[in-house]
Amino acid sequence: MSYDLSGKHVLVTGASAGIGAALAVGFAKRGATVGICARRTDQLNVVLERCRVHAPESRAWTVDLADLDGLAAFARRASQELGGVDVLVNNAGIPKRKRVFDLTPEIVESTMRINYFSPVRLTFALLDEIVARSGRLMYVSSVAARLSPPAEAAYAATKAAISAWAECLQVDLRDTPVKIHVLYPGVIDTELFHLPDNDPLGTTGVEMLPVDAIVDPVLTMIEQDQLEVSVPDWFNGVYAHKSADVAAFLEGTIAFARSQQ
Ligand SMILES: NC(=O)c1ccc[n+]([C@@H]2O[C@H](COP(=O)([O-])OP(=O)(O)OC[C@H]3O[C@@H](n4cnc5c(N)ncnc54)[C@H](OP(=O)(O)O)[C@@H]3O)[C@@H](O)[C@H]2O)c1
């Protein structure tokens, strides 16, 4: 094991539900003290109690991460109350399943705000501290960043942006002990597919996995200093297939989308 999570302080955004909640409990079980945040206080408190069974000093904060101007102050507060941050897990995010005819510049920009600009602001706020503590920065991207699925232009672009940001950070941080990690979830059974103001998911042909399927691959990625992990891992073959002939891959996607209309 290259990075021991035991005794570390891990801040997980968007941990009131779904992947973030499962990861928070997973980190706590590894002996990390966990800080969790999101907008829904009641749900955060349920997750906090689950974390505290394993990590009694864990904390929760109610915060709207789309309020970019408040993020530096939030990061300072979270760090002070947690006793420092070793690992920042940028997980909070929203879907945006709409064809381009139903998008507006405002929708695109608000999706970018929570899925891209918010984790970037938190990174700036905590970077010096994480470097000083030889910590880790993790970003939750999406297979959509690499596969350009139907009705996902706004969403996939936010995830492609965060992937590019993360990869460039790994290069820029080359003279520090910090490692970058990127999670590419496939279709994981969370509230993300039931939120209002999105097109229905439709048939994907991809099996929806339970949220716990994420936890071990993520812990292994961090503990073994791996840059990225896709869950399920067979998506790696799909990326390779796409990069071999992008135009042909998109033709296949168009044919699939037409078959769903
Ligand atoms: N599920 C999948 O198949 C899948 C696939 C690819 C990528 N992802 C990514 O995985 C991450 C987690 O998604 P999920 O599937 O677990 O979805 P989820 O169950 O809807 O969870 C999203 C989390 O983000 C929080 N959040 C959203 N907007 C926020 C805001 N403005 N301020 C603070 N917190 C906010 C939500 O909490 P509150 O509502 O309480 O604020 C919630 O805790 C996202 O980045 C998503 O894009 C998921």
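Numbering starts at 1 and runs along the sequence shown. For ligands, and for the atoms within them, numbers begin at 1 and follow the listed sequence. FYI, side chains are in, hydrogens and waters are out, and symmetry mates aren't considered; it's all heavy atoms of this structure. None of the values given here were measured: they were computed from a predicted structure.
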Can you list the ligand 1 atoms lying under 4.0 Å from a non-hydrogen atom of [X]?
| X | value |
| --- | --- |
| Val187 | 3 (O) |
| Tyr155 | 6 (C), 7 (C), 8 (N), 9 (C), 46 (C), 47 (O) |
| Gly18 | 16 (O), 19 (O) |
| Val140 | 9 (C), 10 (O), 11 (C) |
| Ile114 | 29 (C), 30 (C), 31 (N) |
| Glu191 | 19 (O), 20 (O) |
| Phe193 | 1 (N), 2 (C), 3 (O) |
| Gly93 | 22 (C), 24 (O), 27 (C), 44 (C), 45 (O) |

Per-residue contact class, [X] against ligand 1 - non-hydrogen pairs under 4.0 Å:
| X | result |
| --- | --- |
| Lys159 | side chain |
| Cys37 | neither |
| Ala21 | neither |
| Tyr184 | neither |
| Asp64 | both |

Q. Pick one: which of Asn91, Val12, Val218 meets side chain to side chain contact (heavy atoms under 4.5 Å, CB included) with Ile19?
A.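 Testing Ile19 for a side chain to side chain contact (heavy atoms under 4.5 Å, CB included) against Asn91, Val12, Val218 leaves exactly one candidate, Asn91.
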Assess, by modelled atom type and distance only, whether the side chains of [X] and [Y] contain a donor and an acceptor separated by less than 3.5 Å.
| X | Y | answer |
| --- | --- | --- |
| Thr62 | Thr41 | yes |
| Lys242 | Ser148 | yes |
| Ser230 | Tyr239 | yes |

Crowded around [X] [atom1]? As in, over 12 foreign heavy atoms under 6.0 Å?
| X | atom1 | value |
| --- | --- | --- |
| Glu57 | CD | no |
| Arg99 | CZ | no |
| Gln260 | CD | yes |

Nearest heavy atom to [atom] wins, so pick from [options].
| atom | options | result |
| --- | --- | --- |
| atom 39 (O) of ligand 1 | Arg39, His194, Lys96 | Arg39 |
| atom 45 (O) of ligand 1 | Thr62, Leu65, Asn91, Ile36 | Asn91 |
| atom 42 (C) of ligand 1 | Ala38, Ala15, Ala144, Ser16 | Ser16 |

Among all protein non-hydrogen atoms, which one is nearest to [atom], and what is the separation to 0.1 Å?
| atom | value |
| --- | --- |
| atom 20 (O) of ligand 1 | Leu192 N, 3.5 Å |
| atom 21 (O) of ligand 1 | Ala17 O, 4.3 Å |
| atom 14 (P) of ligand 1 | Thr190 OG1, 3.5 Å |

(Q) Below 4.0 Å from ligand 1: does a non-hydrogen atom of Gly186 turn up there or not? (A)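 Contact check Gly186 vs ligand 1: positive.
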Q.
Does the residue Val63 have a heavy-atom contact with ligand 1, meaning some pair of atoms that are separated by less than 4.0 Å?
A.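 It does, in that a heavy atom of Val63 comes within the 4.0 Å cut-off of ligand 1.
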Can you check whether [X] has an N/O within less than 3.5 Å of an N/O in ligand 1?
| X | answer |
| --- | --- |
| Ile19 | yes |
| Arg40 | yes |
| Gly14 | yes |
| Ile188 | yes |

Q | From Leu122 atom CG to Leu137 atom CG, the distance as rounded to the nearest 0.5 Å | A |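 Between Leu122 CG and Leu137 CG, I get 10.5 Å after rounding to 0.5 Å.
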Q. Residues in side-chain hydrogen bond (donor to acceptor under 3.5 Å, both in side chains) with Ser163, at least two apart?
A.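 Partners of Ser163 by the side-chain hydrogen bond (donor to acceptor under 3.5 Å, both in side chains) criterion, ordered by chain and then number, come out as Ser141, Tyr184.
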Identify whether the distance between the nearest side-chain nitrogen and carboxylate oxygen of [X] and [Y] falls below 4.0 Å.
| X | Y | value |
| --- | --- | --- |
| Arg76 | Glu129 | no |
| Glu109 | Arg113 | no |
| Arg30 | Glu223 | yes |
| Asp86 | Arg133 | yes |

Q.
Could you check whether any side-chain heavy atom of Leu195 comes within less than 4.5 Å of a side-chain heavy atom of Pro95, counting everything from C-beta outward?
A.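 A side-chain contact under 4.5 Å exists here.
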Q. Side chains of His181 and Arg136: does their closest heavy-atom pair fall under 4.5 Å?
A.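 The answer is yes; the side chains approach within 4.5 Å.
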